[in-house]
Amino acid sequence: MKTITRNTGENRVKDIFKTLVSQTTPNGFEYLVYDFIPQALQDSYGNRYVIIGEGPQQHLFTCHLDTYPEYDIEGIVRSHIVNIIDEGDIIRTDGTSILGADDKAGMTIMLSMIHAGVPGIYGFFLAEERGLNGSAFAAKDKQWRDIMRDVKVVISFDRKGTSSIITHQRKIRTCSDEFARTLQSAFAGSGLHLELDPEGFATDSLSFFKENQSLECTNISVGFWDQHTCCEYQDIAYLEQLSRATISMKWPIP
């Protein structure tokens, strides 16, 4: 099995993303990217988290470390080397595997935010593709309740496309229109134009909403398409734009 080598050069979105997706990390193989997360702490399930900034933290940012399961001919889940095709603003594979932009794109954004010192709690969860298992554990865990005692907002970076601020997941409202519009305005002020989207699927933020419905829990488009298939591709130009926006925005968002 190939060992992923950490990129210690310039903190560039495209370089980070390409390194992260060079090998798929289905549940059980998330350890392949643990070393990319600086100053990471660990809960008893194996989820990683990073806290940036002093004092109370109002925002939990999330992504998941596992990619969609891929199986060998015996039906066993394996990690696969990804043959990356770089077409400039678009990254895809040669069609023999998934890309894993779901959710390495979200991980790339969060690593960039951490590098830039954006305040917040950063949760890197396991087994999302298995049913939100890592975040479901965290949402019920005393350690996480202590960590999140001041959190008001949970933002997952784990949505297809380039236009969504999710207000509903699985037809359940998880984010008020009022907060979504406040977030929309903040992104627009940083040059990124997103729309409120009520058609979200389940992401890790939903796990926390199920345990505490006073939280504003949303999901932001990170620019991948055709996830879970060998046709998956990533809009790198959008990911770079999103990275610039999240770093330049003033957090916490009211």
Side-chain angles (χ1 to χ4, degrees), residues 11-14 16-17 20 50 52-53 57-64 89-91 101-125 135 148 150-169 172-206 208-209 214-225 227 233-254:
N11 187 34
R12 294 172 56 195
V13 167
K14 188 173 187 179
I16 294 170
F17 176 81
L20 291 175
V50 176
I52 299 295
Q57 299 298 331
Q58 299 180 30
H59 289 65
L60 170 66
F61 304 108
T62 88
C63 69
H64 60 91
D89 287 345
I90 299 295
I91 301 293
D102 177 12
D103 190 25
K104 295 305 190 297
M107 187 179 180
T108 299
I109 291 298
M110 286 174 44
L111 292 178
S112 297
M113 293 171 73
I114 290 170
H115 179 81
V118 175
I121 302 168
Y122 294 80
F124 298 82
F125 293 109
S135 58
M148 293 180 59
D150 298 305
V151 167
K152 299 178 181 178
V153 174
V154 182
I155 298 176
S156 293
F157 292 102
D158 182 21
R159 173 65 173 173
K160 68 179 181 179
T162 58
S163 63
S164 294
I165 298 174
I166 292 297
T167 58
H168 294 66
Q169 299 182 50
I172 301 168
R173 177 177 285 280
T174 60
C175 176
S176 68
D177 284 354
E178 179 182 10
F179 177 75
R181 290 193 183 101
T182 300
L183 192 58
Q184 179 186 46
S185 178
F187 276 116
S190 296
L192 194 65
H193 300 285
L194 303 176
E195 300 296 332
L196 277 61
D197 182 351
E199 301 297 328
F201 301 108
T203 61
D204 287 317
S205 64
L206 178 61
F208 293 95
F209 183 80
S214 69
L215 293 170
E216 297 281 8
C217 296
T218 186
N219 188 14
I220 305 298
S221 287
V222 291
F224 58 70
W225 299 90
Q227 65 275 21
Y233 65 95
Q234 174 69 42
D235 183 334
I236 285 291
Y238 171 81
L239 194 66
E240 292 171 336
Q241 185 180 13
L242 178 61
S243 178
R244 289 192 295 270
T246 55
I247 289 171
S248 65
M249 287 163 58
K250 184 177 180 180
W251 301 93
I253 302 299

Would the distance check show the side chain of [X] and the main-chain N or O of [Y] forming a donor-acceptor pair, the cut-off being under 3.5 Å?
X	Y	result
Gln57	Ile52	yes
Thr108	Ile16	no
Glu216	Cys175	no
Thr167	Leu196	no
Thr62	Gly123	no

Contact summary for [X] and [Y], nearest pair of heavy atoms:
X	Y	answer
Val154	Ser205	CG1-CB, 3.7 Å
Ala186	Ile253	CB-CD1, 3.7 Å
Trp225	Gly161	CZ2-CA, 3.3 Å
Pro198	His168	O-CB, 3.1 Å
Pro119	Phe61	O-CE1, 3.6 Å
Lys14	Ile91	CE-CD1, 3.9 Å

Less than 4.5 Å apart, side chain to side chain, heavy atoms only: is that true for [X] and [Y]?
X	Y	value
Ile109	Cys63	no
Ile165	Ile220	yes
Arg159	Asp197	yes
Asp102	Asp158	yes
Phe209	Gln169	no
Phe201	Leu206	no
Leu111	Phe124	yes
Phe157	Asp204	no

Review item, side-chain donor-acceptor pairs of residues 236-243, under 3.5 Å, at least two apart:
unit_1: Tyr238; atom_1: OH; unit_2: Ser221; atom_2: O; d: 2.7
unit_1: Gln241; atom_1: NE2; unit_2: Gly191; atom_2: O; d: 2.9

In Å and rounded to the nearest 0.5 Å, what is the [atom1] to [atom2] distance from [X] to [Y]?
X	Y	atom1	atom2	answer
Tyr122	His59	OH	NE2	10.0 Å
Arg12	Ser112	CZ	OG	12.0 Å
Gln58	Ile121	CD	CD1	10.5 Å
Phe187	Met249	CZ	CE	4.0 Å

Sorted by chain and residue number, the side chain to side chain donor-acceptor pair (under 3.5 Å) partners of Thr182 (sequence neighbours excluded) come out as none
Quick one: list whatever passes side chain to side chain donor-acceptor pair (under 3.5 Å) with Asp235, sequence neighbours left out.
none
Exactly one of Thr203, Thr174, Ile155, Ile172 should register a side chain to side chain contact (heavy atoms under 4.5 Å, CB included) with Cys217. Which one does?
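Testing each of Thr203, Thr174, Ile155, Ile172 against Cys217, the sole residue satisfying side chain to side chain contact (heavy atoms under 4.5 Å, CB included) is Thr174.
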Could you pull out all residues at least two apart from Glu199 that satisfy salt bridge (charged side-chain N to carboxylate O under 4.0 Å, His left out)?
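For Glu199, the residues satisfying salt bridge (charged side-chain N to carboxylate O under 4.0 Å, His left out) (neighbours in sequence not counted) are Lys171.
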Results of salt bridge (charged side-chain N to carboxylate O under 4.0 Å, His left out) for Lys160 - residues two or more places apart only:
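Partners of Lys160 by the salt bridge (charged side-chain N to carboxylate O under 4.0 Å, His left out) criterion come out as none, since no residue qualifies.
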Once side-chain hydrogen bond (donor to acceptor under 3.5 Å, both in side chains) is applied, what residue pairs with a partner in residues 244-254 remain, sequence neighbours excluded?
Ser190-Ser248
